[in-house]
Amino acid sequence: MIVVSAKELTKAYGTDVILDKVSFHINGGDRVGIIGINGAGKTTLLKMLAGEMSCESGEFFIAADTQIGYLKQDSGFDSDKTVIEEVEAIFSKFPKMEREMENLLSQIQENVEDHKLLERYDALQEQYKAEGGYTYKSEITGVLTSMAFREDSYNKRISTLSGGEKTRLALACLLLKKPDILFLDEPTNHLDIGTLKWLEQYLKNYKGTIVVVSHDRYFLDETVNRIFEIDNHKLTIYEGSYSFYAVERKNRREAELRKYEKQKKEIDRQEEMIRRFKQHGTEKLAKRAASREKRLSAMELSDKPGATHGKMKLSFKENFQSGKDVIMAEDLSKSFGYGSRRKDLFSGVDIDIKRGERVCIVGANGIGKTTLLKLLMGDSVSNTGRIKIGHNVQIGYYDQGQLLLNNANTVIEELHDAYRLYTEGELRNILGRFLFRGESVFLQVGALSGGEKARLSLLKLMMSGSNVLILDEPTNHLDIESKEVFEEALLDFPGTCIIVSHDRYFLNKIPTRIMELTSEGMENYLGAYDYYVEKKQQIESGKKYLNELSAKGTASGDAGASLREADAFGELSSAEKRRLQKEKEAEERRTKRQKETLEKEIAQLEEEIAEIESELCKVENATDHVKLAALGTELNEKKLQLEDKYEAWLELQE
């Protein structure tokens, strides 16, 4: 069943055409991903479908009685309510139904024979159950928890939330409403990897229709079965996931290029024939030339594929090579605030990065990934530990908020302030490589889009010639085409990269090593994202086993055996090793103290036994049978105690 249909939709701002005669249909249950370069018109199309924007021409319809849910890229969530009040308002019908059932129950108790009351109560109870009355509270908790809202944040005023928190709350509310069609504009912004995985699973099981604008290629692969590509004002449909689209687009463009080159070759041949016919000047050849010219003018000419818009031209070079050891850190910890306001981010972080590595740092939102980058650059100070920067290291930094750009500058001024030796002509040529052409170089930085600011920041980074690139969420505002250019530039870069990212497609392509930041330290995974996920699953599956070993080791007093056995099992993470190692060291200290205590007690008992034996040998006690009996009993007790102590001491030697 078709739930959305569009025919020749056209949208323009003045003479600037955004969408030109776009047509498509969406069936119920479809998962559609809309992709294209920044400014292609993806959000514009979504706004038109959601009824928030009109079109110049064309028409579209949405099936009757279809409930729409629309998540804007900038949620604009503004409310005086608390988080929990906003969410509970979605289910306001259930408290009303509960009150009505309570009233009916009271009436039934007074009028037991009233069958109409009983029927009404049964029907209402059945409706309450069918619509989720018994499960909505746990559903609220589940979705809010998955969107990184802990119980202590439920009573926060929405007006006090950050932009990212507002977007996550808007998404949570939308999912809880369960509309027939979900229109989602960049839903993965502000989500960490754990939340992304949960959202993907949720959308896979969603019974309605989903239309999503996203630059997250991994997310698209996991959630959509159709791709709508907007390019050069037109919409092209690909019946498959993002990976299918990537291969199919390449095949189609190669076929289009062959067609274009074949047509161009034919046009050149015809034009040469026309020239020759005219050259001879005979009436017959002149008629032939005119006929060919007529056919040529009627030919529908193909555009050259890929010629409609430029690509960013990016390459990173290092001015000089760094030493082999780039950055080393030991036992780093970081916290903010004091007393009851103290917030601990992480501790026990060890880092060792060598020249040429591409290290990607992952971790939950709020764990301190950006803070860690600032520690490595010297822009912040750790509470404990030390950092050593290697020989000849020159660091270039990309900040995810582009806060290092001066919003008051024009684009060309921003570049000139950083690199004064370049002439204006040279700077304009360089800016042209990053798609800043013509008058756009005089735009104020503050007026640029997120994608344009990202390109400008990458340009400044490229020109720095740094041999170590520290990048904080560098793909956040880049469209898919720019991401691909950026990734190729990183793969060709001979220097070192330290990157914080939650872009899983990027994480599968770029890193030589993934480091996961946790509150207890840093875990290393020598591979890309899929290996990291696989290894994490192995560790999770082994946790129960490790806990059992730890419990067994504690009960038997042999944590060292647990450590050896667990290590042989092959399921140990660095954190687990550290924990068991600490238990082993603590056990060794306990053993040492026990041995020292036993040795003192043994020495004391041996002295006491020697004294008793000496008393037994004295002449004056030889005839005192009562004293001899008492000394004999005491001697036997001391010897038994000594045997026990020796046994305990020998056990500690094993």
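For reference, positions follow the sequence shown, starting with 1.
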Q: Looking at Glu256 and Arg252, is any side-chain nitrogen of the basic one under 4.0 Å from a carboxylate oxygen of the acidic one?
A: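 No.
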
Q: Does Phe24 have any ring pair (Phe, Tyr, Trp, His ring centres under 6.0 Å) partners at least two apart in sequence or in another chain, and if so, which?
A: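 Residues passing ring pair (Phe, Tyr, Trp, His ring centres under 6.0 Å) with Phe24: Phe228.
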
Q: Donor-acceptor check, side chain of Gln444 to backbone of Ala408, threshold 3.5 angstrom: yes or no?
A: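 Side chain of Gln444 to backbone of Ala408: a pair is present.
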
Q: Run the salt-bridge test on Arg157 and Asp80 with the 4.0 Å N-O cut-off and return the result as yes or no.
A: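 No, no charged N to carboxylate O under 4.0 Å.
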
Q: Under the rule for ring pair (Phe, Tyr, Trp, His ring centres under 6.0 Å), what residues qualify as partners of Phe436, not counting sequence neighbours?
A: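 Phe436: no ring pair (Phe, Tyr, Trp, His ring centres under 6.0 Å) contacts found.
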
Q: Determine, for Asp231 against Arg253, whether the closest basic-nitrogen to carboxylate-oxygen distance falls under 4.0 angstrom.
A: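 Salt bridge flag = yes for Arg253 with Asp231.
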
Q: Under a 3.5 Å distance rule, please check whether Glu86 uses its side chain to pair with a backbone N or O of Val83 as donor and acceptor.
A: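 Flag not set: sc Glu86 to bb Val83 has no pair under 3.5 Å.
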
Q: Is there a side-chain contact between Lys460 and Leu405 in this structure, where contact means two heavy atoms from C-beta onward sitting under 4.5 Å apart?
A: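 Yes, their side chains come closer than 4.5 Å.
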
Q: For Asp530, does its backbone N or O pair with a side-chain atom of Asn508 as donor and acceptor, under 3.5 Å?
A: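 Answer holds: yes.
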
Q: Write down the atom of Pro179, the atom of Ile68, and the distance for their closest heavy-atom approach.
A: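 The answer is CB-C, 3.8 Å.
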
Q: Hey, does the side chain of Thr195 reach the backbone of Leu191 with a donor-acceptor pair shorter than 3.5 angstrom?
A: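 Flag not set: sc Thr195 to bb Leu191 has no pair under 3.5 Å.
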
Q: So do the side chains of Leu507 and Tyr505 get within less than 4.5 Å of each other, counting heavy atoms only?
A: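 A side-chain contact under 4.5 Å is absent here.
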
Q: Listed by chain and number, what are the side-chain hydrogen bond (donor to acceptor under 3.5 Å, both in side chains) partners of Ser449, not counting sequence neighbours?
A: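 Scan of Ser449 (side-chain hydrogen bond (donor to acceptor under 3.5 Å, both in side chains), adjacent residues dropped) gives Glu452.
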
Q: Taking the side chain as every heavy atom from C-beta outward, state whether Val485 and Ser482 have any pair of such atoms under 4.5 Å apart.
A: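 With C-beta onward as the side chain, the pair stays apart.
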
Q: Which pairs count as salt bridge (charged side-chain N to carboxylate O under 4.0 Å, His left out) when at least one residue sits in residues 376-397, sequence neighbours excluded?
A: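 Output for this query lists Glu330-Arg386.
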
Q: Measuring from atom CZ of Arg455 to atom CZ of Phe486, what distance do you get when rounded to the nearest 0.5 angstrom?
A: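 CZ of Phe486 is found 14.0 Å from CZ of Arg455.
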
Q: Check this for me, if you would: do Lys509 and Glu488 make a salt bridge, where the nitrogen-to-carboxylate-oxygen distance has to be below 4.0 angstrom?
A: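 Result for this pair is yes, salt bridge flagged.
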
Q: Compare all side-chain heavy atoms of Asp216 with those of Phe506 and state whether any distance is below 4.5 angstrom.
A: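 Result no, sub-4.5 Å side-chain heavy-atom pair not found.
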
Q: Can you tell me if Glu52 and Tyr70 form a side-chain donor-acceptor pair at under 3.5 Å?
A: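 Checked: Glu52/Tyr70 side chains show no N/O donor-acceptor pair below 3.5 Å.
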
Q: To the nearest 0.5 Å, what is the distance between CG on Asn232 and CG on Asp20?
A: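 It comes to 9.0 Å.
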
Q: Would Glu413 and Arg420 pass as an ion pair if we require N to O under 4.0 Å?
A: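 Judged by the 4.0 Å cut-off on N to carboxylate O distance, Glu413 and Arg420 do not form a salt bridge.
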
Q: Which heavy-atom pair separates Thr518 from Phe346 by the least distance, and what is that distance?
A: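 Nearest pair, atom of Thr518 first, then Phe346: O-CB, 3.5 Å.
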
Q: Please examine the side chains of Glu85 and Tyr154, heavy atoms only from C-beta on, and report whether any two atoms are closer than 4.5 Å.
A: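 When only atoms from C-beta onward are counted, Glu85 and Tyr154 do not touch, as no gap falls below 4.5 Å.
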
Q: So which atom in Pro511 and which in Ile514 form the shortest heavy-atom distance, rounded to 0.1 Å?
A: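 Heavy atoms of Pro511 and Ile514 come nearest at CG-CG1, 4.0 Å.
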
Q: Dump the intermediate steps for side chain to side chain donor-acceptor pair (under 3.5 Å) on Asn155 and Thr82, then the final yes or no.
A: CA-CA 5 Å; Asn155 292 317; Thr82 63; 4.7 Å; no

Q: Show the nearest heavy-atom pair for residues Leu376 and Ile389, with the distance to one decimal.
A: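 Heavy-atom minimum between the residues: O-CD1, 3.6 Å.
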
Q: Whether Lys21 and Glu56 form a salt bridge (side-chain N of Lys/Arg under 4.0 Å from carboxylate O of Asp/Glu) is what I want to check.
A: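 Result for this pair is no, no salt bridge flagged.
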
Q: Scan residues 34-49 for pairs that pass side-chain hydrogen bond (donor to acceptor under 3.5 Å, both in side chains), counting only residues two or more places apart or in two chains.
A: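 Those involving residues 34-49 are Asn38-His215, Thr43-Asp185.
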
Q: Cation-pi check, Lys11 to Tyr13: give yes when NZ or CZ is under 6.0 Å from the six-membered ring centre and within 45° of the ring axis, no otherwise.
A: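 Judged by the rule, Lys11 and Tyr13 form a cation-pi pair.
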
Q: Has the side chain of Arg358 got a donor or acceptor atom that lies under 3.5 Å from a matching backbone atom of Ile510?
A: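 Yes; at least one donor-acceptor contact below 3.5 Å.
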
Q: Are Glu487 and Arg217 close enough for a salt bridge, meaning some N to O gap below 4.0 Å?
A: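 Salt bridge between Glu487 and Arg217, a charged N being under 4.0 Å from a carboxylate O: yes.
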
Q: Please give me the minimum heavy-atom distance between Met147 and Ala172, naming the atom from each residue.
A: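 Answer, listing the atom of Met147 first, then Ala172: CG-CB, 3.9 Å.
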
Q: Please examine the side chains of Pro474 and Ile499, heavy atoms only from C-beta on, and report whether any two atoms are closer than 4.5 Å.
A: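 Of all side-chain heavy-atom pairs linking Pro474 with Ile499, at least one is under 4.5 Å.
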
Q: Output a table of donor-acceptor pairs, distance under 3.5 Å, between side-chain atoms of residues 463-473 and any protein atom two or more places apart or on a different chain; print 'none' if there are none.
A:
{"residue": "Ser464", "atom": "OG", "partner": "Leu461", "partner atom": "O", "Å": "2.6"}
{"residue": "Ser464", "atom": "OG", "partner": "Ser466", "partner atom": "N", "Å": "3.3"}
{"residue": "Ser464", "atom": "OG", "partner": "Ser466", "partner atom": "OG", "Å": "2.9"}
{"residue": "Ser466", "atom": "OG", "partner": "Gly396", "partner atom": "N", "Å": "3.3"}
{"residue": "Asn467", "atom": "OD1", "partner": "Gln394", "partner atom": "N", "Å": "2.8"}
{"residue": "Asn467", "atom": "ND2", "partner": "Phe320", "partner atom": "O", "Å": "3.0"}
{"residue": "Asn467", "atom": "ND2", "partner": "Asn392", "partner atom": "O", "Å": "2.8"}
{"residue": "Asp472", "atom": "OD2", "partner": "Thr370", "partner atom": "OG1", "Å": "2.7"}
{"residue": "Glu473", "atom": "OE1", "partner": "His502", "partner atom": "N", "Å": "3.3"}
{"residue": "Glu473", "atom": "OE1", "partner": "His502", "partner atom": "ND1", "Å": "3.2"}
{"residue": "Glu473", "atom": "OE2", "partner": "His502", "partner atom": "ND1", "Å": "3.1"}

Q: Among Ser335, Ser333, Ser347, exactly one meets side chain to side chain donor-acceptor pair (under 3.5 Å) together with Thr384. Which residue is that?
A: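 With Thr384 as partner, side chain to side chain donor-acceptor pair (under 3.5 Å) holds for just one option, Ser333.
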
Q: Would a 4.5 Å heavy-atom cut-off, applied to side chains only, mark Leu431 and Leu415 as touching?
A: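 The answer is yes, as the side chains (C-beta and beyond) meet within the 4.5 Å cut-off.
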
Q: Are Lys234 and Val22 side-chain neighbours, meaning at least one heavy-atom pair lies under 4.5 Å?
A: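 No, their side chains stay 4.5 Å or more apart.
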
Q: Please round to the nearest 0.5 Å and tell me the distance separating atom CG of Leu49 and atom CD1 of Ile181.
A: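 If I round to the nearest 0.5 Å, the distance is 8.5 Å.
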
Q: Hey, what do you get for CD1 (Ile230) to CD1 (Ile37), rounding to the nearest 0.5 Å?
A: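 Separation between the atoms: 10.5 Å.
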
